[in-house]
Amino acid sequence: MGGGFYISKFVGVVGIVFGAGAVATVIALAVVYSQEVAKNEAVSPTNGGSTVKPPVTTPGGSTVVPQVTTPVIPTTAPSNEAWDKYRLPDTLKPEHYNLTLWPRLTVNAQGLYIFTGKSYVVFQCVKETDLILIHSNKLNYTKWGDDHLAKLSALGSTPVPTIKKSWLQPTTQFLVLELNGKLAVGESYQLDTVFVGELADDLGGFYRSVYLEEGEEKVVATTQMQPTDARKAFPCFDEPAMKAIFHITLLHPPTTVALSNGMEHGQYFWRTSFDETKKMSTYLLAFIVSDYDYINSTSDNVLIRIYARKKAIADGQGEYALNKTGPILKFFEKYYNATYPLPKSDQIALPDFNAGAMENWGLITYRETALLYDPNMSSNSNKERIATIIAHELAHMWFGNLVTLRWWNDLWLNEGFASYVEYLGANEAEPDWNIKDLIVLGDVHRVFAVDALASSHPLSSKEEDIQKPEQISELFDAISYSKVRSSIFSTYLNTFAYDNTVYTDLWDHLQMAVNSTGTSLPTGQTVHSIMNRWVLQMGFPVVTINTATGMINQQHFLLDPATAGSVPPSDFSYSIPVINRAQLVDDAFNLARAKYINTTLALRTTKYLRREREYMPWESALDNLDFFYLMFDRSEVYGDMQAYLKYQVEPLFKHFENITRNWTDVPNGHTDQYNQVNAIRVACSTGMEECQTLTKGWYSQWMKDSAKNPIHPNLRTTVYCSAIAAGGAAEWEFGWTQFKAATIAIEADKLRFALACTKQPWLLNKYLEYTLDATKIRKQDATSTIVYIASNVVGQSLAWDFMRDRWSYIFTQYGGGSFSFSNLINGVTKRFSTEFELKQVK
């Protein structure tokens, strides 16, 4: 290479300035899914037929002859028949559903939690066919009088053909009806079913969540449909383009509360009915039965309600979310230039939820840690996470729900946009945080680390390449959430309201804005040509400037240049932005990992850190040094690394000791509070005696009086970890006792992480065993707990052996295309760097 220096591509550039009638340009670079900000861990679809085969009672209360079906398991190789394909044919289109469900919140005689249901869907025939395919997974059906699994009726004058044959196709998750005649184009038909399913604890479809309140076990019946689990709750055309109107009724004990997407309008002793929904996709449906309480307010005639466990509401943990939802909604109405389309915005915190949150239209579901805030227990990072996740989910009410992707290959358009504007919404809610600056650390650096791999992928995939449920789930990654730069305005939303789009529809509207405002684009370029370069190719360029000749060269940047021949060729010609200290540090380390520059040159960018007090450069340096720790914390150079970083962090530690008056005050700035955590974490982990004495003293003080925790919520994760790492069984057992006693999920999460910091192998092995016991570690937290243990250098080999030993069980629980499972594999193997370790993985 010629002599020169490197400047990374920060983002792709589209210089479009809109007129007065257009909403501001959106630069969509967004939150990495592994942060659990929104769709952090997409629920994996489950496979196969239901294990539930009890007698069926219909939601109306009458007993049905128990002719419950079992799936027909094919014994031959898949054919080319429509039912052996994963996509619905284009012959039928749903218009509306009428669905009644009755979840049982206690076990039946067989020891199972179940739900029963009856539904009908009215659909139109758009192409002549003698076949009906409708999605169904893990449901068993009551046979009708003609011995078939459904009843078909005609709503027009054309006679309905009789059903020739009906069966379940478990591999492709269809209920199949072969007919003795053709359905007529333009005619509407009604399909009725009665069914039963298991209200399992698998976190997908219609499932159960369990919690303790004042010593009593309580069950919540709740849902997670995205991407392909509505079919586990009722038979439906379960693809995003199959939008319809839904009429929902829930049967439930009179002491419980029932919620769904629509506003409740008919509440009787055991029955709650809801207003019909807007025309929407199945993956946005939600229905919940719980013993919850709520708080509410009204913002511009929109009812806002926050639902949670009764104690959480009584303790005021929903107040922050309630106070911020209204301003964020107003901001998005102005930003989109479109009124919020629903009369209410319900948000509910669930004890068991695999994702961070889910944008169900009118009933958003969250993990408790993503919605509930307690000023005495929650840190500033917890508050930031709540604000950004609420903003992310509310952004979807328009972009994703009102206007929806046609198929999952364009998931990036939904998630990338919401993942950018969440920063704008959170900035509206908390303007003093300067949160928009954190997009560099939260998204740009992290997605670059993924996009620089040969295993990366373009933003947009071919529709035919994304067919199976597990392939759909795999799209919920950092690339889809973070590598976006796009623009949006109200005409796009208005044109496609209650409809579906592909990404090129957005480019068409951007080009219309360019034409109408007279905006100049580079010669020979259109919005399509500019944006397609960004979305249809993977990766980003390394830019080399020859300082002797002035020549500039761009080529695909790969952390492993040897993989260059295994990836599609990419054409890079992006403009180069101004860079800052944090970016320079990140660029230097990425270039060193890719062998463009010597590692010592990258390390030299950290020498000045003794004089640095700002959060972003420190965080960038520590993020990159974490990789070196992973590679070398088992080697002979580890001691030298520790000594160097201890020397570098000492002035920062002293700085915060001074400005907090010996750790008694909280720094004023939002990012200063983050950097205080960095100072303590690094100082203690590198063996600074003063820091370790400080954290052990705080923890010991707490152990003496567990009712009075002297550690500030901002510092608890770091202090707990440091004290447990430096301690023994007593410190660990105290932490475990406090974890089990925690009534606030945010506090429990801090302790759950810290328990993995112990240096005692036997304690780590015990903790690993706990992850398979849902009474000790919730199923939603099992994989992340194993990853926490693997992040500990002592626990890495233990976690690897544990995962291999329990592979069958773990794969059954978290396998397929689930984000949880991919995070687990990555987390347990992230220290692997030798050929021997590579062979172990293979």
Side-chain angles (χ1 to χ4, degrees), residues 59 92-101 103 115 117-124 134-135 188 190-191 193 205-206 221-252 257-267 271-289 301-305 307 329 338-348 357-365 393-406 414 493 496-501:
L92 309 175
K93 191 167 184 63
E95 296 175 349
H96 67 265
Y97 295 81
N98 191 299
L99 172 64
T100 300
L101 289 169
F115 64 90
K118 63 178 181 181
S119 74
Y120 68 78
V121 56
V122 172
F123 60 87
Q124 186 180 65
I134 188 167
H135 283 112
S188 293
Q190 178 174 312
L191 188 70
T193 53
F206 201 15
T222 186
T223 55
Q224 169 61 29
M225 306 304 197
Q226 190 186 51
T228 58
D229 274 340
R231 64 194 68 175
K232 277 186 64 188
F234 66 105
C236 56
F237 297 95
D238 197 13
E239 293 185 358
M242 294 292 184
K243 287 191 170 187
I245 293 169
F246 296 84
H247 302 262
I248 306 294
T249 297
L250 293 176
L251 304 182
H252 57 99
V257 175
L259 297 171
S260 189
N261 304 83
M263 191 71 191
E264 56 271 20
H265 69 253
Q267 292 178 290
R271 180 187 187 98
T272 299
S273 298
F274 302 89
D275 291 344
E276 68 177 31
T277 69
K278 301 291 186 181
K279 188 178 179 183
M280 58 185 278
S281 302
T282 51
Y283 79 87
L284 296 170
L285 277 172
F287 22 88
I288 300 172
V289 174
N301 297 319
V302 176
L303 176 63
I304 299 169
R305 298 185 293 193
Y307 283 85
L329 271 177
T339 303
Y340 178 70
L342 303 179
K344 62 136 178 156
S345 176
D346 287 341
Q347 299 177 84
I348 186 167
M358 178 61 210
E359 66 269 19
N360 313 301
W361 215 2
L363 177 54
I364 305 173
T365 45
E393 304 311 323
L394 292 178
H396 275 307
M397 299 301 105
W398 292 266
F399 208 98
N401 297 7
L402 181 66
V403 179
T404 310
L405 51 84
R406 187 175 71 190
N414 268 19
L493 291 172
F496 296 104
Y498 309 109
D499 207 344
N500 300 85
T501 66

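Pro227 places none of its side-chain heavy atoms less than 4.5 Å from the side chain of Tyr283. No side-chain heavy atom of Met358 sits less than 4.5 Å from a side-chain heavy atom of Ile364. When side chains are defined from C-beta on, Trp361 counts as touching Leu402, because their heavy atoms get closer than 4.5 Å.
With sequence neighbours excluded, no residue satisfies side-chain hydrogen bond (donor to acceptor under 3.5 Å, both in side chains) with Ser260. Under the ring pair (Phe, Tyr, Trp, His ring centres under 6.0 Å) criterion, Tyr340 pairs with Trp398, sequence neighbours left out. Judged as a side chain to side chain contact (heavy atoms under 4.5 Å, CB included), and not counting sequence neighbours, the contacts of Ser188 are Glu95, Val122, Gln124, Leu155. Under the ring pair (Phe, Tyr, Trp, His ring centres under 6.0 Å) criterion, His252 pairs with no residue, sequence neighbours left out. Checked against ring pair (Phe, Tyr, Trp, His ring centres under 6.0 Å), Tyr97 has the following partners two or more places apart in sequence or in another chain: Phe234, Phe246. Residues satisfying the ring pair (Phe, Tyr, Trp, His ring centres under 6.0 Å) criterion with Phe206, sequence neighbours excluded, are Phe115, Phe287.
How far CD1 of Ile304 is from CG of Leu329: 5.5 Å, rounded to the nearest 0.5 Å. Atom CE of Met225 and atom OG of Ser281 lie 12.5 Å apart (nearest 0.5 Å). Distance check, rounded to the nearest 0.5 Å: NE2 of His247 to CZ of Phe274 gives 14.0 Å. For the atom pair CG of Leu259 and CZ of Arg305, the computed distance is 6.0 Å after rounding to the nearest 0.5 Å.
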Derivation of the side chain to side chain contact (heavy atoms under 4.5 Å, CB included) call for Val289 and Leu250:
CA-CA 8 Å; Val289 174; Leu250 293 176; 4.2 Å; yes
Should Lys278 and Lys243 be marked as a side chain to side chain contact (heavy atoms under 4.5 Å, CB included) after you check the CA-CA gap, both sets of side-chain angles, and the distance that decides it?
CA-CA 9 Å; Lys278 301 291 186 181; Lys243 287 191 170 187; over 6 Å; no
Using the rule given for side chain to side chain contact (heavy atoms under 4.5 Å, CB included), can you reason through Ile288 versus Thr365, listing the C-alpha separation, both sets of side-chain angles and the distance that settles it, and then say yes or no?
CA-CA 10 Å; Ile288 300 172; Thr365 45; 3.8 Å; yes
After noting the C-alpha distance and the side-chain angles of Met280 and Leu285, does the key distance pass the side chain to side chain contact (heavy atoms under 4.5 Å, CB included) rule?
CA-CA 8 Å; Met280 58 185 278; Leu285 277 172; 4.1 Å; yes
Residue pair Glu264, Arg271: steps toward the salt bridge (charged side-chain N to carboxylate O under 4.0 Å, His left out) verdict:
CA-CA 10 Å; Glu264 56 271 20; Arg271 180 187 187 98; over 6 Å; no
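Judged by distance alone, with hydrogens and angles left aside, the side-chain atoms of His265 form a donor-acceptor pair with the main-chain N or O of Asp275 at under 3.5 Å. Judged by distance alone, the side chain of Asn261 and the main-chain N or O of Leu284 form a donor-acceptor pair under 3.5 Å. Distance alone, capped at 3.5 Å, is enough to place a donor-acceptor pair between the Asn360 side chain and the Leu363 backbone. The main-chain N or O of Glu359 is found under 3.5 Å from a side-chain atom of Glu393 such that the two form a donor-acceptor pair.
Of the residues listed (Ile248, Leu99, Thr100), the one engaging Ser119 in a side-chain contact (heavy atoms from CB on, under 4.5 Å) is Leu99, and it is the only one.
Closest approach of Val302 to Ser345, counting heavy atoms only: CG1-N, 4.1 Å. Residues Ala241 and Lys93 come closest through the heavy atom pair O-NZ, 3.4 Å. Minimum interatomic distance between Arg406 and Pro240 (heavy atoms only, all atoms of both residues): O-CG, 3.6 Å. In this structure, Ser273 and Thr249 approach most closely via the heavy-atom pair OG-OG1, 3.1 Å.
Between the side chains of Lys118 and Thr193, no donor-acceptor pair is found at a separation under 3.5 Å. A donor-acceptor pair shorter than 3.5 Å can be found between the side chains of Thr282 and Asp238.
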